[in-house]
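Numbers restart at 1 for each chain; the letters A, B, ... are given by sequence-line order, proteins then strands.
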Amino acid sequence: MIYEGKQKIWSEYQKEIPDDHYFYVRSCIRQSFFPASEATFLDITRNVLGKDIFETEHHTTCGGIAYHSDTIPQETVMTIIARQFALMAKHGYENYVCSCITSFGLYCETMETWREYPELEAKIHENLWKSCKLEFAKPKFLVHASDLIYKYRNMIAAQAVRKLVNVHTGEPLKVVEHIGCHYSKMFPSKGVGGAEYPYVLVGMIEAWGGEIVDYPERRHCCGFGFRQYFIKGNRGYSLSNTHKKFESMEPFKPDLIITNCPGCPYFLDRWQYVIAESTGKTYGQDGHGIPALTYEEVAGLVMGYDPWDLGLQTHQVGVEPLLDKMGVEYDPAKKYLGKNGKDLGSPSPCACLK
Amino acid sequence: MKNNILIIGGGPAGLEASAQLQRMGYNVILIEKDSSLGGHLAKWDRLFPDGVPADEVLSGLIRSTEGVKLFTETEIRAINRLEKSYNVRLTNGITVLSDAVLIASGFDLFNAVKKEEYGYGIYDRVITNADLEAYFKTGSDKRIDHPKRIGFVHCVGSRDEKSGCRSCSKVCCATAVKQAIEVKEAFPDAEVFCFYMDLRLFGRHYEDLYLKAQKEYGIRFIRGRVAEVSENLDGTLIVKAEDTVASKPLKATLDLLVLMSGMRPSASGKAVGDLLEMTVEEDGYFAVRSGIAAGQRSLLPGLFLAGTATGPKTLPETLADARAAAVEIDRYLTEIFPDARNYKQLVRERW
Amino acid sequence: MTPLNYILAVQAADPEVIDRIPSGYSHFVIPFTIGITFFLCWIGVGCVRLLAAIPRTDRLRFWKSLFIPKNIVKNLKDLFGDCLFHVKIWQRKPLLGYMHSAIAFGWFMIILLGHIEVALFVPARLNVTRGGLFYPIFYRYFVWMNPGHTTLRGSFFFFLMDFFLLYILTGIALAVFKRFRSIVLGMRHTTKPSLADRIALYSLWMIFPMRLLAESFTADLSGGSFLTVGVNHLWHFLFGEKLLFTPFWWAYSICLGLFFVAMPFSRYMHILTEVLWILLRNAGIKPHHPRKGVAEAEIYACSSCGLCLDACPMNVQKKNLKYSSVYFIRFLRRHNEKKINAIADKCLMCDKCHALCPVGVDAPALRRAQRITVNNSLPYEYSYLALAGTAGAAAGLRPYSAAAERGWTRPGPDSCPADTVVPEVLYFAGCMTHLTPRIIKAVEKVFKAAGVDYAFADREGGICCGRPLMLAGKTEAAAKVIEANKRMIEESGCKTLVLSCPICYKVFKEEYHFEGIKVVHYTQFINDLIASGKLQVSKSDEKIVYHDPCELGRGSNVYIEPRAALDKVGTLVKAAKEYDESVCCGGSLGSLTLDNRDRAKITEASLDNLLVNDPDTIVTACPLCLKTFSETVSNSKHLLTDVKVKDFAEMI
Amino acid sequence: MVDFGFGLVPSSRMNLDLFDKDKYEKLAAIEPDVRICMACGSCTAVCTAGKYSQTSLREAIEDIKNAKPDKALEMLRCCQLCGKCSMVCPRGINTRNLILSITKVYSSK
């Protein structure tokens, strides 16, 4: 692997990311699966870095899951999106940051479609007016939340209490980065680093002291694929996709997977459990799995957040070996305590996955 | 009085046209931006279909240009069209008043880096056709270390709208088959795969070359474009394609991947074209007066084209095109140019 | 004149022949006795082993056949004709025939006459215990002619013995000559002899000159006729009174002994095996295995004469000579599996070597048997044939409906609907004919012109006839195909099955065993149409040469009908080699491994053979030949000839 | 092991790394014509057995090269060796021997 070659490509795919003043929209899935990630994002950007990140409880889903599952038509999803944009405009923002990759892809797709077919945009104006009596304005800058953390990566590094380094060996952690398909595969120019060698997460890993792993199936989908997962009969395909990725990354012995998409950390995490329990195969050290974390969780870890505050206990694959490697102190007894200190109850133990 | 003719480009087309026009008695000025003549031919080792050494062909071409005024490392600084002639200022400070100008600016090889999924410039063992020729010529390339499995990807930057080229580059199929044979000769134990979309082996003896590659060298031809290349821990490559004949996706682990970079319009040629305000077609190559009947005449009087400046050509086609251009120039300079009184009308009628 | 070292026993009477050596033995007989004993044991064991390897039913049939009068006559005829007189070689190459018969018949006569002499003059010596094994052979050594008592009978034998010895010697002389200048005897290619062959050959050459020497040296004692006595005088003239003859008898005995020891390992074994082979062949027993049983007799009956080298169409290329039958048989003898397979697979199965073989060795059948051993067990899956073959029967339809079900169509605007009439004639084009639609078109045109009521069995394509599978040695698979096809044809209710492909024809005729359905090739059928006046033809002066397709001519013995019909539409000219000597077109399905280029060479040679008399048109009656020739006449070598290639039906 | 009601599905991707070079060379030694097929499909188009079954020499050759010898055998098991393919092959491939040879070489495990 020739690093300079990749640098050359990265230099060609750079996008403008404003420094401040964003209208923030959440992700349906992340709110449910990794709620602490979004909280951490807001905490880091607002409280630690002092940025103006606005959010309103009036925003809704982008409609992406329904759209990609072929249950609602494009005009409907566009109108939902237009409503979000209207909310942004209403609150006086021009920069739009979304937490979800599906949403990000859909926003890009919608904006590009409107660019190609202005008459469709006009129709959506009309739809929105009819349905909500709202007028919308397109965001001046559309970024994904990971773009923002990428933008702030060096500031975060400056405030970090630890690096992505194995404290016992001093070696950098080997990190697999996994980008959500809809981040840049549809529009390579919309993603930092393009589609072939996306830099958005690589930049964070480099800034925070980790070592990137380029394994052969790095481009492959996590296996979510909407319908492939939603219908139980198809889940074998979803599982097989993920399996293919793990088989491919296994020889590289990664310590950690970092993702920027709602579905990816979920599937890369849960399917490790399914593979382990149905075939006996595990991919981490000594029967453990490979932790699949969100970029906010990783940022939180290097900045010294408590792992349980970051919600790492919601992962199926145990994060303890990673925390040990990084030298993160944690209280195992508090793993399954709620915010109020009450015991939430712990999951039943796995047969194969440690 | 001898007419001045300026020929831009010292590749095969420029050399051949220079030689022909020189023989006809014209005053030929040949300029070449590089320090040496020959263009891509100078970088090639052997030529399809018979494996003739490129050096031999090139030195023959250069020998025949004796008497031509040659300026290497020279480009055009400015060019003015006078009433009939062109006033050309060269970067070496010389100004030429030329009665006819022949653009033989050739082609650029497609920059394979642009096909990001193939990882040229990123993976250690991905090379291009030009790299392989250089290896054949010099015998050394650190990327080529006794490969056991070698793949050739046809149509890299050709027939690919996303890389900006819809059309076929014409020479890559035959080059790939030739190189596959050569690489098999160099590494007899290797398995060699050619990934093609269509095999366009149209010329005389080309099909024999293909048959030889299959029969004597056991080269495997797979119909399907390589879509993805990845690197393993040990530096070997995983190539993914569809075998469209079998209608099944496939993967193969390779030690070396050769990208058959296609032909793109020459960037320096385009710069010259811009100076002259020449028309360029959608494919980036210069427009000609008539693709069938006047393939060497540009849309501007006195301005001629030869070789791959007007689209991909094989070497013999390029040479034939250059000879045709010489005849066209001669016709122009004898029939149209001398008649000062009727010049404009003649141009209208006969250009 | 009496040699001093002999003491003659006093004879009571005045016999013509006196037993010169009372013991009837001399040491020089040892080489011969050893040789002949070894040889006879070998033969005995071989016969028993061979007969044991034949299936029981065949063995019984063999023994029975020896007592059937008709068979006895045929056996005798073949034995004398083939083994002694070599009639087949005479017919083809008289000089070569003379050579063979001189040695075979001459030697046979010498042995026979020698024994008769002993029987007449010293009958007691025929007893094995009294030297019966060697005495008749060296008779002249052991006896003394009582001078002055020679009867006419004695002189007669003297003359005969000398005559046949001379006869043999002329044969030997030719043989020696042939070894060095074979082309004179009409052979372009000869076989390469093995070591055993050489030993046997040289000892065989030497036997008779030695015999002449030995007998001529003793001729003054034991008598002789024009040859031996004449030579005897020469020796006396040269060497004086005293002749030392024992060394020559030793030499004669050694030559014989050497020959008999080498014989079982050499091609000369054929001299005796041929007898067994003829008996087995005439009993109608076919080989089941390429090396065991009947095949063994057949293999050893091969004389390695090499006539098949000249016959083989592959001989156009020297490199392919090694695939000729003679070498195939040689490797079968040597059990060289690799070469056996290579040769077995290469053959075009044109059957010419079989047709020309003086011994009638059916090498193509042996090759097929060999292919069976390799290919018959290869997996196949033919369950689909049931679907292809019994659609009508499964539906419970009546035969003619089955025909309609399968889409067999009846042409002609005035013919009844297809499902109301059982077709009288069923035309089966076969796979290959579908690649030459001109044949189908012409056949249908002829049928319509003659008002033939027919149905076209495989207009929409059928299944294979099974012959290609048989040729490839997949007999079991072939049986499945044959079964399916047979059911289909029988269901149609037709009376006559017409085939335009000789490959189909041969297998339909030989393997299908139809009852009540006549199987004819379209050449025969159309010839009958012409002969019976149903089809009117007019003669033109177009010069036609007819190519005998292998499977039709040699394969099925159909030579006359196509020619008879063609003679009525044009002027037949001869090819260089015709009938059973015709040259395969090279397109044969028989060969498994012969490649495209080698085939092309054969096709060119075959065309050259056909073009000697400058015909306007080449006519053949096989889709394969037609396609092969058509493609070749349009290619480079024959570009300049404007000869047309037509199918038989097209010509009619 | 837990049954989740779904599981890993086999990949349809052909893996050329599984190609058995030794066996292929053995085949090519018996019938070198296997190398020169250009996948025109003439053989399949005229196939007598192909009318009733999935039979294709072209596909069988492809399958062998794509490391799927069992599939190749399946493509040939209905063949009747009629030889039409050999008559139409533009490259003059000795198809019947190729079919027999493939069956010979790849049937034996």
Result for side-chain contact (heavy atoms from CB on, under 4.5 Å) between C/Leu378 and one of D/Ile99, D/Leu73, D/Leu100 points to D/Leu100

Throw together a table of side-chain donor-acceptor distances under 3.5 angstrom for residues 7-15 of chain D, partners on residues two or more places apart or in other chains.
| unit_1 | atom_1 | unit_2 | atom_2 | d |
| --- | --- | --- | --- | --- |
| D/Ser11 | OG | D/Arg13 | N | 3.0 |
| D/Arg13 | NH1 | B/Leu250 | O | 3.0 |
| D/Asn15 | OD1 | D/Asp17 | N | 2.9 |

C/Lys474 versus chain D, the contacting section by heavy-atom distance below 4.5 Å: side chain

Just wondering, more than 12 heavy atoms not from D/Lys51 lying within 6.0 Å of its NZ? yes

Using only atom types and a distance under 3.5 Å, with no angle test, would you say the side chain of C/Asp595 pairs donor to acceptor with the backbone of D/Asn94? no

Please classify the contact of C/Ser383 with chain D as side chain, backbone, both or neither, using a heavy-atom distance under 4.5 Å. neither

So, D/Arg96 side chain and C/Ala472 main chain: donor-acceptor pair closer than 3.5 Å or not? no

Show which side-chain atoms of residues 76-91 of chain D pair as donor or acceptor with protein atoms under 3.5 Å away, not counting sequence neighbours.
| unit_1 | atom_1 | unit_2 | atom_2 | d |
| --- | --- | --- | --- | --- |
| D/Gln80 | OE1 | C/Cys464 | N | 2.6 |
| D/Gln80 | NE2 | C/Tyr384 | OH | 3.0 |
| D/Lys84 | NZ | D/Val46 | O | 3.3 |
| D/Ser86 | OG | D/Gly83 | O | 2.7 |
| D/Arg91 | NH1 | B/Gln214 | OE1 | 2.4 |
| D/Arg91 | NH1 | D/Ile36 | O | 2.8 |
| D/Arg91 | NH2 | B/Glu207 | OE2 | 3.1 |

Report the C-alpha distance between D/Thr48 and C/His434 in whole Å, list the side-chain angles of each, state the deciding distance to 0.1 Å, and finish with yes or no for side-chain contact (heavy atoms from CB on, under 4.5 Å). CA-CA 10 Å; D/Thr48 297; C/His434 278 283; over 6 Å; no

Drop me the distance from D/Leu98's CG to C/Thr593's OG1, to the nearest 0.5 angstrom. 12.5 Å

Using a 6.0 Å cut-off, check whether atom NZ of C/Lys486 has over 12 heavy atoms from anything other than its own residue. yes

C/Lys338 atom NZ, neighbour heavy-atom count above 12 within 6.0 Å: no

Is the number of heavy atoms from other residues, nucleotides or ligands under 6.0 Å of C/Glu510 CD greater than 12? yes

So which residue, C/Asn596, C/Leu589, C/Thr628, ends up with the most heavy-atom pairs under 4.5 Å with chain D? C/Leu589

Region of C/Leu624 in contact with chain D, defined by heavy-atom distances below 4.5 Å: both

How many angstroms lie between atom CG of C/Leu592 and atom CD1 of D/Ile30, to the nearest 0.5 angstrom? 12.0 Å

Interatomic spacing from OG in D/Ser53 to OH in C/Tyr382 - rounded to 0.5 Å: 9.5 Å

